[in-house]
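Whatever order the structure lists ligands and atoms in, that order sets their numbers, starting from 1. What's counted below: heavy atoms across the whole structure, side chains too, no hydrogens, waters or symmetry copies. It should be emphasised that the depicted structure is a prediction, and the values quoted were computed from it without experimental measurement.
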Amino acid sequence: MTKKKLGTLCVQAGYEPKNGEPRVLPIVQSTTFKYDSSEQMGNLFDLKESGYFYTRLANPTNDSVAAKITALEGGVAGMLTSSGQAANFYALLNILKAGDHIVSSSAIYGGTYNLIAHTMNDLGIEATFVEPDISLHELNKAFKENTKAVFGETLSNPSLQILDIETFAKAAHDHGVPLIVDNTFPTPIFLRPIEWGADIVTHSTTKYMNGFANSVGGAVVDSGNFDWDKYKDKYPSLTTPDETYHGVVFTETFGKASYITKMTTTLMRDLGSIPSPQNSFYLGIGLETLHLRMPKHYENALEVAKFLKNDDRISWVSFSGLEGDSQYELAQKYLPDGSCGVISFGIKGGRDSATKFMDSLKLAAVVTHVADSRTCVLHPASTTHRQMNEEELKNAGISSDLIRMSVGIEDVEDIIEDLKQALENL
Ligand SMILES: *Cc1c(COP(=O)(O)O)cnc(C)c1O
């Protein structure tokens, strides 16, 4: 299916029923799978044969939906996780261990920042944070002898900064390490990072991919482009015998699928953050309309951004689609067809006006979520990013008056009407 266009992949990729099988991807709600002999099952455990035996390691519903996302991103292998947090943790931990170092963009989701700056730091994995639009020259200085990966968000949540993917990919590859990017906000409909040089792509599928806010989930997709064997000493977990599988060397046995196979057979085995097949089913349904929903989110958001920009009660508006926006030029390059439905803005009068405004909204709900069909608003400094101190907030591009608005796919006239009445209320 790889030659097909994105809309076709959204609808059809990942599941091709054979004669007499269900037209719709079945929910295989079973923890385990039956075999006729112990020997057959033993071969599965030794990775000598492929097949399902326990849902923590693999499940047909989960696999089909992972294959759909892999096709959309143009990767060679992918897997689903129970959340976006798990996806980013697995993507990094799969190739890192205590004593290693990563270079990360500072413009990332609050949860990912905490994961990298604190939890992974406690595990002995150190990070250097850099701006998402840093020059190549400056970026090169962030690398150390023990740097094993570069991480960033293609379009950051909530600061809406665009990662200069080509620059980050070049620096990563010049230092012999992969670039891992979280592509949650644009989705592959608007941006396919592998085409710009990213090696591994992660997602919180909780957002636009699911699209309807009914299940938390994540995904990791490997491009298959990074040559782990070329840097054998740096990535021993992939390039040297794994004693827990009778000495299998993942790169030798699984080739381009080695990174994802290793993640499934060791991290998922040991840490177990699998999605329920039921949730993967919802995700699969959501993906079938991703190519229709993303342009609508973007169109609506652009109209809302223009409305806010022209209102003098609003102090600033940030949306990559607005001419003159700090991200406009990078957006022309990386996101020419659209970015997402999320905009951020500040209201004159600071924190108090922001809260009053948000509480007056009727159609737009105040929820800790973004990127679903229903319009919603959030004040990150007092919610998702409240663990950060002022300095960390500043580095993540979040001011204390920032309101994040996730524009849904309702009729835009009604969304704007709601904003108008809330502004009148100030
Ligand atoms: C929401 C989000 C995450 C975390 O995903 P969960 O599914 O909530 O665990 C990670 N990265 C980005 C960009 C996000 O928006």
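- Residue-ligand proximity, V216 to ligand 1, at heavy-atom distances under 4.0 Å covers atoms 7 (O).
- Counting protein heavy atoms only, atom 14 (C) of ligand 1 is closest to K207 NZ, 2.9 Å.
- For the atom pair L96 CG and K148 NZ, the distance stands at 7.5 Å (nearest 0.5 Å).
- A cation-pi arrangement is absent between K68 and F281 under the rule of less than 6.0 angstrom and at most 45 degrees off the ring axis.
- Among protein heavy atoms, the minimum distance from atom 5 (O) of ligand 1 is reached at S204 OG, 3.0 Å.
- Residue contacts with ligand 1: Y109 is placed with no nitrogen or oxygen under 3.5 Å of a nitrogen or oxygen of the ligand (distance criterion only).
- Relative orientation of the F45 and F53 rings is tilted, given thresholds of 30° and 60° on the angle between their planes.
- The atoms of ligand 1 that sit less than 4.0 Å from any heavy atom of E153 are 13 (C).
- When the heavy-atom distances from atom 11 (N) of ligand 1 to T184, N210, D182 are ranked, the shortest goes to D182.
- Counting the atoms of ligand 1 from 1 in the order shown, those under 4.0 Å from a heavy atom of Q85 are 4 (C), 5 (O), 6 (P), 9 (O).
- Per-residue contacts place N157 under 4.0 angstrom from the following atoms of ligand 1 (heavy atoms of the residue considered): 14 (C), 15 (O).
- Salt bridge annotation for K356-D352: absent, with no cationic side-chain nitrogen under 4.0 angstrom from a carboxylate oxygen.
- Not one N or O of F185 is nearer than 3.5 Å to an N or O of ligand 1, by distance alone.
- F129 and Y113 have tilted rings, their planes meeting at an angle from 30° to 60° on a 0 to 90° scale.
- Residue-ligand proximity: G217 is placed with a non-hydrogen atom under 4.0 Å from ligand 1.
- Ligand 1 places these atoms under 4.0 Å from at least one heavy atom of T206: 6 (P), 7 (O).
- The nearest heavy-atom contact from the protein to atom 6 (P) of ligand 1 is G84 N, 3.3 Å.
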Steps toward ring-ring contact (aromatic ring centres under 6.0 Å, His included) verdict (Y259, F250):
CA-CA 8 Å; Y259 173 88; F250 284 99; over 10 Å; no
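- A salt bridge does not link E303 to K306: none of the charged side-chain nitrogens sits closer than 4.0 Å to a carboxylate oxygen.
- Aromatic ring centres of F345 and F319: separated by at least 6.0 Å.
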